[in-house]
There are 2 protein chains.
Amino acid sequence: MNKDKKYSVEVRVWIEETEGAFLGIGKIWLLENIRKTGSITNAAKEMKMAYRQAWQLVEEMNQRAESPLVAKLLGGKGGGGAKLTEAGEKAIAVFYEVEKRIKEFAQRETQNLKF
Amino acid sequence: MNKDKKYSVEVRVWIEETEGAFLGIGKIWLLENIRKTGSITNAAKEMKMAYRQAWQLVEEMNQRAESPLVAKLLGGKGGGGAKLTEAGEKAIAVFYEVEKRIKEFAQRETQNLKF
DNA sequence: CTTCAGTATTCATTTTAAAACATACTGAAT
DNA sequence: ATTCAGTATGTTTTAAAATGAATACTGAAG
């Protein structure tokens, strides 16, 4: 009698700060790519994202975190670069932990949805 | 020593179906406004949304639910209208229940975030 | 058999966000 | 003092999405 379609709950998690959205999965991916490549430029390329956009995201994160998540090196050998700070590393870990807990709960609590 | 900014976790919940996103808070608001006004036209006005957009959302919901969430009356007294089906009423209730449980969990599990 | 308000559908326009482009700045190394 | 690759920033293009305008369709009621 039922069409028996499958429905599932999806959840998007992000961190909010007084001025609005502060840290979601997109910025986390950017942080991870900065860690991997050592620069905003290469992280952006990796993600097929415009450098300008990536740079702005980093700027925003750094200003709104209590302490910067990304340390930028200006000029010098190789033109400079960027690396994660201790706070940046921690942010990635905390975000994934929070996200994991919430998503697991969401799956566990919502079986057999019907619409 | 800390700047003591306040951070909170935000969660967005939606229902996914085989072909992608099926039902989120936006469509739920639309359903509620259809219930309130008795037509897609007036629901759209209420939400300052284009009729075209509202109509498409209803169409999508109806096709992808196992049974339609909105019953449309074509022509006749007053030109017709739209009202929620039993399934539509149920969808609103189920969605809010699921959303509430997940959001409460998210708040409960994430105190004292630092970035 | 005309009226009427809402549904159904197409097409042109506007708005918006993202990407692309361009250009200057930085500082270690040579 | 020139090179070099990445950071920093403004301006222009492009593309996507939402809106608005226009038109036909529907059927109960008078």
Ring-plane angle category for B:Y7 and A:F22, please: parallel below 30°, perpendicular beyond 60°, tilted otherwise. tilted

Among residues 81-90 of chain A, which residues get a heavy atom nearer than 4.0 Å to DNA chain D? A:G81, A:A82

Distances under 3.5 Å only, N/O to N/O: pair up the protein atoms with those of nucleotides 26-30 of chain C.
{"residue": "C:dT26", "atom": "O2", "partner": "A:G75", "partner atom": "N", "Å": "3.3"}
{"residue": "C:dG27", "atom": "O4'", "partner": "A:G76", "partner atom": "N", "Å": "3.2"}
{"residue": "C:dG27", "atom": "N2", "partner": "A:G76", "partner atom": "O", "Å": "3.2"}
{"residue": "C:dG27", "atom": "N3", "partner": "A:G76", "partner atom": "N", "Å": "3.0"}
{"residue": "C:dA28", "atom": "O4'", "partner": "A:K77", "partner atom": "N", "Å": "3.2"}

Tell me which residues in residues 32-40 of chain A put a heavy atom below 4.0 Å from DNA chain D, sorted by number, or none. A:S39, A:I40

Can you give me every donor-acceptor pair (side chain of residues 86-99 of chain B, partner residue at least two apart or in another chain, under 3.5 Å) with its distance?
{"residue": "B:E89", "atom": "OE1", "partner": "B:R35", "partner atom": "NH1", "Å": "2.6"}
{"residue": "B:Y96", "atom": "OH", "partner": "B:E32", "partner atom": "OE1", "Å": "3.0"}
{"residue": "B:Y96", "atom": "OH", "partner": "B:E32", "partner atom": "OE2", "Å": "3.3"}
{"residue": "B:E97", "atom": "OE2", "partner": "B:R101", "partner atom": "NH1", "Å": "3.2"}

Sequence-distant partners of B:K36, salt bridge (charged side-chain N to carboxylate O under 4.0 Å, His left out), two or more places apart: B:E46

Only counting residues at least two apart or in another chain, list the ones meeting side chain to side chain contact (heavy atoms under 4.5 Å, CB included) with A:K45. A:T41, A:N42

Counting only non-hydrogen atoms, which of residues 10-27 of chain B are less than 4.0 Å from DNA chain C? none

Just grab all the side-chain hydrogen bond (donor to acceptor under 3.5 Å, both in side chains) pairs involving residues 68-85 of chain A, residues at least two apart or on different chains. A:E59-A:K72

Choosing from D:dG6, D:dA8, C:dT9, which nucleotide comes nearest the side chain of A:K72? D:dA8

OP1, OP2 of D:dA5 versus side-chain N and O of A:T41: anything below 4.0 Å? no

Which residues within residues 53-64 of chain A lie with some heavy atom under 4.0 Å of an atom in DNA chain D? A:W55

Quick note, side-chain hydrogen bond (donor to acceptor under 3.5 Å, both in side chains) partners involving residues 15-27 of chain B, not counting sequence neighbours, are A:K5-B:E17, B:W14-B:E16, B:E17-B:R64, B:K27-B:E60

Per-nt protein contacts along nucleotides 11-16 of chain C (heavy atom under 4.0 Å; B base, S backbone sugar-phosphate only, - none) come out as B-----

Any ring-ring contact (aromatic ring centres under 6.0 Å, His included) pairs touching residues 64-90 of chain A, not counting sequence neighbours? none

Minimum heavy-atom separation for A:A54 to A:I40, with atom names? CB-CG2, 3.9 Å

